[in-house]
Amino acid sequence: MQVIKQNILISLIVCLMVSCGGGDKQDSEDKEVLNPGLSGKFFMSTNTLLNAAFGDYVEIPDTCDQGLTEEFSQARDTSTYPIQQNGEWFIFVAREGGRSYICVQSFSGDVIFDVELPVEVELVNLSQDGAYLAVTRSSDGESLEADLLEIYTIEGVALGSTSLGSGYSNMSYVYWLRDNRLVYHKGRSFFITKPALMEVDYQIDLDDYELLPDTGRFINHWAISPDDRRIAFTLTRDLFTTDVIQLLVMDLDGSNLTVQATVTDEGDGYVVFYPLWSPDGEWIFTEVGIQPMIKPYKFTYFYLIPANNPDTHYLIDEDDEERSPEIRKVWRKRQVTEYGEEITSEGFWFDWLYWLP
């Protein structure tokens with residue numbers, strides 16, 4: 001396993017030396033910039049990258065999927081996950097018979113390392129130094145809810161676990177800070193652990209804030225800023241309502257809580273989905289639209305909210321005249337079979353985005 005760690009270190013060094021992800025400069029100069037000033041790429045669960053500046057797509061090689069071991073060759077339950085603040089690697093997971101195969105590969109197709117775990121995991125995230133895995137899974141191995149959070153080394157050694165409680169969504173996120181502390185949530189509280197341990201360092205209880213008096217609303221979706229200093233999050237009453245109309249931001253120590261933005265179209269069932277920070281920390285990206293639990297598919301628009309004006313309360317509205325002028329739309333290309341290529345700020349029906357450097 002020492003060889004694996006050496007390979008990871010070598011990959012990181014080479015990545016820095018060649019300015020990973022830069023692409024061909026001439027090709028970039030020839031493209032139309034749809035979103036001036038934006039950098040990085042959006043990782044899509046369909047194994048595709050969406051360039052933030054140009055709004056076009058690059059398919060990712062399915063090296064890990066094609067290289068499944070004989071024990072997992074019949075696996076049909078597979079998933080891919082991004083790695084926060086990592087613009088070069090992603091995670092592939094295959095599940096078979098109560099076991100999981102986890103493979104980390106580069107977007108160019110190189111396998112960084114793989115490991116098998118004797119449990120069937122749901123979400124998987126790799127620490128920023130490439131040394132630890134955080135996984136969520138069902139404690140009984142059968143239910144659809146991931147109610148257990150565990151830490152493993154990349155060699156597959158278990159380091160600790162904690163209960164997330166009932167009703168924890170499989171889409172809920174866990175986040176590794178640079179110092180290997182882990183951030184997760186339960187109900188109305190955020191928890192920050194000690195480095196590479198499940199022991200809680202401190203927690204942030206939303207019941208302590210006068211700005212959030214409604215104790216019936218619990219934490220829904222959230223994201224940590226690239227500098228590990230702030231958290232953007234939304235609250236909801238339950239997973240099947242449209243009560244997700246505010247985007248809140250606070251420091252990771254629990255201070256400076258503010259309502260960053262509010263959706264004005266609440267009467268039409270519009271909600272805020274999955275906030276993301278831009279790689280430079282200047283913007284908070286979000287999809288705003290129809291809740292998928294209410295409609296057969298989600299219908300959303302992409303917006304950028306300024307992240308560094310804590311005293312400004314922004315309004316999000318589909319109508320350009322009603323929306324705060326500081327909020328930007330994010331444009332992408334969409335292939336329309338009959339009419340060719342179309343430029344749109346509409347979201348995707350069945351896919352979620354993750355903004356990477």
Fill in: Side-chain donor/acceptor of T136 to backbone N/O of L123, under 3.5 Å
yes
Discussion item. Strictly distance-based, threshold 3.5 Å: is any side-chain N or O of R332 a donor or acceptor partner for the main-chain N or O of D56?
Written reply: no
Discussion item. Set out, in order, the CA-CA distance, both residues' side-chain angles and the distance that settles ring pair (Phe, Tyr, Trp, His ring centres under 6.0 Å) for F92 and Y81, then state yes or no.
Written reply: CA-CA 7 Å; F92 169 85; Y81 300 103; 9.7 Å; no
Item to complete: Mind telling me whether F43 and F90 have parallel, tilted or perpendicular rings, with 30° and 60° as the class edges?
Response: tilted
Fill in: Plane angle bin for Y301 and F299 - parallel if under 30°, tilted between 30 and 60°, otherwise perpendicular
perpendicular
Worksheet item: How about R178: does its CZ atom have over 12 heavy atoms from other parts shown lying under 6.0 Å from it?
Response: yes
Worksheet item: Excluding sequence neighbours, so at least two apart, what forms ring-ring contact (aromatic ring centres under 6.0 Å, His included) with Y175?
Response: none
Worksheet item: Does a side-chain heavy-atom distance below 4.5 Å link I102 with D114?
Response: no
Worksheet entry | Side-chain donor or acceptor of T262 paired with backbone N/O of L315 under 3.5 Å | no
Discussion item. Can you confirm whether L356 sits close enough to Q85 that some side-chain heavy atom of one is under 4.5 Å from a side-chain heavy atom of the other?
Written reply: no
Worksheet item: Centres of the F285 and Y303 rings: under 6.0 Å?
Response: no
Fill in: NZ/NE/NH1/NH2 to OD/OE distance under 4.0 Å, D77 and R95
yes
Item to complete: Check whether the side chains of N180 and D129 place a donor and an acceptor atom closer than 3.5 Å, and report yes or no.
Response: yes
Worksheet item: Side-chain contact, heavy-atom cut-off 4.5 Å: S255 with M250?
Response: no
Worksheet item: Does K41 reach the main-chain N or O of G87 with its side chain, forming a donor-acceptor pair under 3.5 Å?
Response: yes
Practice prompt. Kindly indicate whether the side chain of T236, heavy atoms from C-beta on, has any atom under 4.5 Å from the side chain of F218.
Written response: yes
Worksheet item: Can a donor-acceptor pair be found between the side chains of N256 and D251 at a distance below 3.5 Å?
Response: yes
Worksheet entry | Parallel, tilted or perpendicular, as decided by the 30° and 60° cut-offs, for the rings of Y274 and W352 | tilted
Practice prompt. Go through the steps to decide whether E199 and K194 satisfy the test salt bridge (charged side-chain N to carboxylate O under 4.0 Å, His left out), and finish with yes or no.
Written response: CA-CA 6 Å; E199 181 181 355; K194 294 183 177 181; 3.0 Å; yes
Item to complete: Using atom types as modelled and distance alone, determine if a side-chain donor or acceptor of T234 lies under 3.5 Å from a backbone N or O of N220.
Response: no
Worksheet item: Under the 3.5 angstrom rule, does the side chain of W355 hit a backbone N or O of G40 as a donor-acceptor pair?
Response: no
Item to complete: Answer yes or no: is there a side-chain heavy-atom contact under 4.5 Å between R137 and E150?
Response: yes
Worksheet item: Given side chains that start at C-beta, do those of K329 and D320 come closer than 4.5 Å, heavy atoms only?
Response: yes
Item to complete: Hey, can you tell me if F302 and F348 have their rings parallel, tilted or perpendicular (30° and 60° cut-offs)?
Response: tilted
Worksheet item: Between R323 and D317, is there a donor-acceptor pair closer than 3.5 Å when you use the side chain of the first and the backbone of the second?
Response: yes
Discussion item. Tell me every residue that passes ring-ring contact (aromatic ring centres under 6.0 Å, His included) with F191, counting only those two or more places apart in sequence or in another chain.
Written reply: Y184
Worksheet item: Hey, does the side chain of S324 reach the backbone of I327 with a donor-acceptor pair shorter than 3.5 angstrom?
Response: no
Worksheet item: Should the pair R328 and W283 be classed as cation-pi, given the thresholds of under 6.0 Å to the six-membered ring centre and 45° from the axis?
Response: yes
Worksheet item: Checking N51 side chain against F54 main chain: does a donor-acceptor pair fall under 3.5 Å?
Response: yes
Worksheet item: Do E116 and F72 come within less than 4.5 Å of each other through their side chains, counting heavy atoms only?
Response: yes
Discussion item. Less than 4.5 Å apart, side chain to side chain, heavy atoms only: is that true for E120 and R99?
Written reply: no
